[in-house]
Amino acid sequence: IQKIEKFYGFNETTEFYYQIAKGKIDLSKLRELDIKGGQIVEKKSKNDKSTFKEVLKEVNPKKDTIIIGEDFKNIEYKLSKCCNPIPGDNIFGFISINDGIKIHRTNCPNATQMMSNYAYRIINARWKNDQREERITGVKITGIDDMGIVNDITAIVSKQHNVNMKSISFETKDGYFEGKIMLYVYDSEHLMQLIEKIEQIEGVKTTERIDN
């Protein structure tokens with residue numbers, strides 16, 4: 001089970017099962033796994049070009065563009081966990097040493113260093129126009145600890161925008177609160193609409209996107 005979770009990019013069994021129940025997991029991808037010596041392993045394609053040198057040979061950073069949601073020259077690419085890009089974000093691809101191509105937001109905390117020091121490993125990337133898949137992101141909220149304000153916030157999230165929450169936590173101190181909500185949204189516009197609604201709640205002082 002742990003190997004299958006890792007194959008799908010999950011760290012928590014409960015969350016993995018939850019996404020299966022919601023129909024968000026493509027179980028047909030299990031065909032990409034094989035059993036060797038009693039162990040689950042990922043099948044290797046003869047055309048797999050995942051090594052650093054092979055990727056550099058196949059990719060032309062000045063001309064190529066990765067379209068998220070489509071195959072890219074049989075080369076693996078993944079959304080980076082350091083900035084959790086979602087559709088609508090400006091993005092780019094970065095050729096990593098051991099893990100194929102990673103997709104980052106252009107305002108990722110690591111973007112400046114990558115673009116200035118490793119420009120030859122940067123590839124253009126954009127979202128497919130019909131991309132409509134829920135992705136996890138977070139919102140940090142601070143404000144005055146008034147009675148009922150947490151209920152007001154969760155009502156905005158769950159009822160007015162039909163957003164599924166993964167987790168929610170609030171801490172209070174000296175009459176102020178700080179909260180963090182991890183949730184699923186379709187794109188950056190969807191997220192900004194939600195943030196604008198939360199900011200209208202009386203007592204909320206700041207609302208910002210976070211990555212984890």
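Among all heavy-atom pairs drawn from Arg105 and Cys83, the shortest one is NH1-O, 2.7 Å. Of all non-hydrogen atoms in Ile91 and Ile68, the two that sit nearest each other are CD1-CG1, 3.7 Å. Taking each heavy atom of Pro61 and Ile122 in turn, the nearest pair found is CB-O, 3.1 Å. For the residue pair Arg209 and Ile195, the shortest heavy atom distance occurs at N-CD1, 4.4 Å. The two atoms that bring Gly88 and Asp187 nearest to each other are N-CB, 4.5 Å, heavy atoms only. Contact between Phe72 and Ile101 at its shortest, heavy atoms only, is CE2-CD1, 3.9 Å.
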Can I get a per-line list of side-chain donor-acceptor pairs under 3.5 Å for residues 108-121, giving both atom names and the distance, sequence neighbours left out?
{"residue": "Ser116", "atom": "OG", "partner": "Thr112", "partner atom": "O", "Å": "2.8"}
{"residue": "Ser116", "atom": "OG", "partner": "Gln113", "partner atom": "O", "Å": "3.3"}
{"residue": "Arg121", "atom": "NE", "partner": "Ile95", "partner atom": "O", "Å": "2.9"}
{"residue": "Arg121", "atom": "NH2", "partner": "Ile95", "partner atom": "O", "Å": "3.0"}

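Residues satisfying the side-chain hydrogen bond (donor to acceptor under 3.5 Å, both in side chains) test with Lys3, not counting sequence neighbours, are Gln39. Checked against ring-ring contact (aromatic ring centres under 6.0 Å, His included), Tyr18 has no partners two or more places apart in sequence or in another chain. Under the side-chain hydrogen bond (donor to acceptor under 3.5 Å, both in side chains) criterion, Lys78 pairs with Asp99, sequence neighbours left out. Scored by the side-chain contact (heavy atoms from CB on, under 4.5 Å) test, Ser167 finds Met182 as partners (sequence neighbours excluded). For Lys205, the salt bridge (Lys or Arg N to Asp or Glu O under 4.0 Å) test picks out no residue, with sequence neighbours left out. Applying the side-chain hydrogen bond (donor to acceptor under 3.5 Å, both in side chains) test to Thr13 and every residue at least two apart in sequence or in another chain returns Glu5. Checked against side-chain contact (heavy atoms from CB on, under 4.5 Å), Asn60 has the following partners two or more places apart in sequence or in another chain: Lys62, Lys63, Asp64. Judged as a side-chain hydrogen bond (donor to acceptor under 3.5 Å, both in side chains), and not counting sequence neighbours, Glu199 has no contacts. Take Ser188 and apply the side-chain contact (heavy atoms from CB on, under 4.5 Å) test, not counting sequence neighbours, and it matches Ile86, Asp89. Every residue meeting the side-chain contact (heavy atoms from CB on, under 4.5 Å) condition with Ile4, not counting sequence neighbours, appears here in chain and number order: Tyr8, Phe16, Leu30, Leu33, Ile40.
Taking a 6.0 Å sphere around NZ of Lys22, one finds it holds more than 12 heavy atoms contributed by other residues, nucleotides or ligands. Annotation: Leu27, atom CG; neighbour count of heavy atoms from other residues, nucleotides and ligands within 6.0 Å is above 12. For Glu202, the CD atom sits in a loose shell: 12 or fewer heavy atoms of surrounding residues, nucleotides or ligands are nearer than 6.0 Å. Heavy atoms of other residues, nucleotides or ligands lying less than 6.0 angstrom from CD of Glu171 number 12 at most.
Connectivity analysis of hydrophobic side chains (ILVMFWY, heavy atoms under 4.5 Å, direct or indirect) links Tyr176 to Ile144.
Note on Phe92 and Ile67: separate hydrophobic clusters, where clusters join Ile, Leu, Val, Met, Phe, Trp and Tyr whose side-chain heavy atoms are under 4.5 Å apart, directly or indirectly. When the side chains of ILVMFWY residues are joined at heavy-atom separations under 4.5 Å, either directly or via intervening members, Met147 and Val204 end up in two distinct hydrophobic clusters. Put simply, Ile97 and Ile66 are part of the same group of oily side chains (I, L, V, M, F, W, Y) that touch within less than 4.5 Å, one to the next.
Phe170 has its ring centre less than 6.0 Å from the ring centre of Phe177.
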Stepwise side chain to side chain contact (heavy atoms under 4.5 Å, CB included) check, Arg135 with Asn84: CA-CA 8 Å; Arg135 299 189 183 278; Asn84 284 330; over 6 Å; no

Side chain to side chain contact (heavy atoms under 4.5 Å, CB included) between Ile153 and Ile156, worked out: CA-CA 5 Å; Ile153 293 171; Ile156 288 289; 5.8 Å; no

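In this structure, the side chains of Gln200 and Lys197 come closer than 4.5 Å at one or more pairs of heavy atoms.
Looking at Lys140, its side chain never comes within 3.5 Å of a backbone N or O of Thr207 through a donor-acceptor pair.
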